[in-house]
Amino acid sequence: MSKYFLPLLGCLLIALPGWSQTSCRSFVYRQQQLSAHPELATAVAAVEQFTRRQLQPATVGVTGVTGTTSGASSTSSLITIPVVVHVLYNTSAENISDQQIVSQIAVLNRDYQKLNPDTARIPSYFVSRAANIGLKFILAGIDTNGNVTTGIVRKHTDVTAFTINDDMKSSAMGGDDPWDRDEYLNIWVCNLEDGTLGYSSLVGGPKNVDGVVVQYTAFGTTGTARAPYNLGRTCTHEIGHWFNLIHTWGDAYCGDDEVADTPPQSQATYGNPSGIVYSCNNAPTGNMYMNYMDFTDDVGMHMFTNGQRDRMMALFATGGPRYPLLSSPAATAPPGEPAVTGASPTLSAASLYPNPASSYVSINLKDPSQIGSLLEVYNQMGQIVMGMRITQANFQLNISGLAGGLYFVRLGNNAMQASLKFVKL
């Protein structure tokens with residue numbers, strides 16, 4: 001029987017050993033939600049069935065996600081995830097700085113692209129299992145009304161500490177309402193009770209509570225971030241849940257996390273262990289306590305696995321819970337800049353023709369000061385598919401290697417930029 005349908009009492013007893021310690025509360029939150037709202041069990045089960053279908057050998061791979069392939073192969077392009085950070089503060093210390101928020105986004109990009117330097121600490125017997133998930137996180141540049149935004153919302157609250165009852169996600173309860181989950185990843189940063197580091201909503205749950213919550217002292221790598229949770233890994237962990245990952249011990253003694261390449265283990269890991277720790281007959285490798293989905297201190301977390309990547313990517317398949325993010329308008333614009341809109345491909349600084357095109361597009365600069373600046377081509381998912389340095393006022397782009405669809409061109413220096421778009425036939 002799946003762990004999701006264990007009796008509530010049994011699940012809470014399993015969770016008790018970690019309850020007295022500072023930790024993620026996603027599992028306890030899940031059980032509370034399923035108990036209070038039994039209808040959610042059907043939605044959660046449907047997501048699991050969808051995921052398993054996508055992971056079948058004949059169908060594994062993400063329809064609509066360029067660059068994903070089957071099995072344990074790597075993703076060759078990045079999926080852009082627009083982020084809105086809701087900062088809820090009762091004291092000035094809780095009103096964390098922009099710098100601290102940016103430091104967390106940098107951690108997410110390193111961890112989800114396997115660019116974190118501490119991959120060097122992954123044991124040799126797990127190195128081949130470590131995966132680049134292929135996700136790029138940006139602070140949203142466009143809000144839900146199409147206006148320019150920093151991707152950061154700050155709000156004073158009279159609540160001194162929130163619990164895992166989702167009040168921080170409601171303006172009426174002293175929190176801040178979420179932005180549309182089909183276009184953004186919502187992250188609430190606030191003060192949490194009972195040693196809670198963070199928790200994630202249920203995949204398949206209601207829109208009005210979708211997102212992750214992180215304790216303000218465990219967010220980012222500077223400012224209020226406190227050891228041993230000062231390397232941004234709490235947010236990495238909670239977003240893993242948001243992408244449907246389960247704790248490595250399967251939230252049960254020697255439980256199942258639905259991922260084949262994470263060894264079974266008896267329970268959560270705390271602190272910063274070393275060497276091989278055996279449990280659940282998992283010789284010769286022992287526990288994968290350096291996995292982001294364990295409870296190890298931040299300094300001891302280093303990796304996701306290929307199987308975890310495939311499970312996350314399944315959500316982006318056509319019809320999947322995170323599939324709408326692929327067409328989020330907030331992902332097609334760089335942070336802090338408006339999305340490219342309008343039917344005309346010609347702006348004041350440059351022009352582009354023909355449009356549509358199949359092999360080449362010609363670009364004419366109206367301002368020679370643009371020569372020497374950078375040109376980048378983005379697809380509809382906000383991924384850079386071409387880049388070059390501009391060397392002359394009139395030139396051609398060879399687009400024959402691009403897949404059919406809509407593309408955006410950004411060119412120019414910091415003082416003046418042009419944004420163009422074209423359709424590749």
Side-chain angles (χ1 to χ4, degrees), residues 61-69 73-82 109 113 115 132 134-142 146 148 183 316 318 323-425:
V62 183
T63 304
V65 179
T66 305
T68 56
T69 53
S73 55
S74 63
T75 45
S76 60
S77 59
L78 298 176
I79 296 174
T80 300
I81 307 297
N109 285 321
Q113 296 173 42
L115 298 174
N132 170 10
L135 296 177
K136 175 184 177 182
F137 298 84
I138 63 169
L139 287 170
I142 301 297
V148 173
E183 298 181 4
F316 290 96
T318 302
Y323 175 73
L325 282 169
L326 299 179
S327 56
S328 169
T332 61
E337 295 186 10
V340 179
T341 58
S344 173
T346 302
L347 299 182
S348 60
S351 62
L352 176 151
Y353 68 93
N355 189 15
S358 57
S359 300
Y360 292 89
V361 293
S362 295
I363 295 179
N364 294 331
L365 302 181
K366 299 180 180 180
D367 182 355
S369 68
Q370 301 289 353
I371 296 174
S373 61
L374 183 66
L375 177 148
E376 294 174 329
V377 179
Y378 294 78
N379 63 17
Q380 293 183 76
M381 292 180 287
Q383 303 161 350
I384 299 175
V385 295
M386 294 178 64
M388 60 174 285
R389 186 68 60 182
I390 300 171
T391 59
Q392 55 191 37
N394 302 309
F395 57 95
Q396 286 187 325
L397 286 181
N398 183 349
I399 62 170
S400 59
L402 300 179
L406 177 65
Y407 292 88
F408 302 90
V409 182
R410 288 189 63 240
L411 63 157
N413 52 37
N414 292 331
M416 180 177 294
Q417 292 181 335
S419 296
L420 309 173
K421 64 181 179 179
F422 67 89
V423 175
K424 166 63 171 22
L425 297 176

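For Asn132 against Gly134, the heavy-atom pair with the smallest separation is OD1-N, 2.9 Å. Nearest approach of Phe316 to Tyr323, heavy atoms of both residues: O-CD1, 3.2 Å. The shortest heavy-atom contact between Gln113 and Lys136 is NE2-CA, 3.8 Å.
In this structure Gln396 satisfies the side-chain contact (heavy atoms from CB on, under 4.5 Å) test together with Tyr360, Ser362, sequence neighbours excluded. For Asn394, there are no side-chain hydrogen bond (donor to acceptor under 3.5 Å, both in side chains) partners two or more places apart in sequence or in a different chain.
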Quick one, Leu375 with Leu397, criterion side-chain contact (heavy atoms from CB on, under 4.5 Å). Give me CA distance, side-chain angles, the key distance, then yes/no. CA-CA 10 Å; Leu375 177 148; Leu397 286 181; 4.1 Å; yes
When you look at Glu183 and Ile142, which way does the side-chain contact (heavy atoms from CB on, under 4.5 Å) test go after all the steps? CA-CA 10 Å; Glu183 298 181 4; Ile142 301 297; over 6 Å; no
Before you tell me yes or no, could you show the steps for Leu115 and Asn109 under side-chain contact (heavy atoms from CB on, under 4.5 Å), namely the whole-Å CA-CA distance, both residues' side-chain angles and the distance that decides it to 0.1 Å? CA-CA 8 Å; Leu115 298 174; Asn109 285 321; over 6 Å; no
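In this structure, CG in Leu78 is found 8.0 Å from CG in Leu135, a value given to the nearest 0.5 Å. Between the CZ atom in Phe422 and the CD1 atom in Ile399 there is a gap of 4.5 Å [rounded to 0.5 Å]. Taken from CD1 in Ile363 to OG in Ser351, the straight-line distance is 8.5 Å, to the nearest 0.5 Å.
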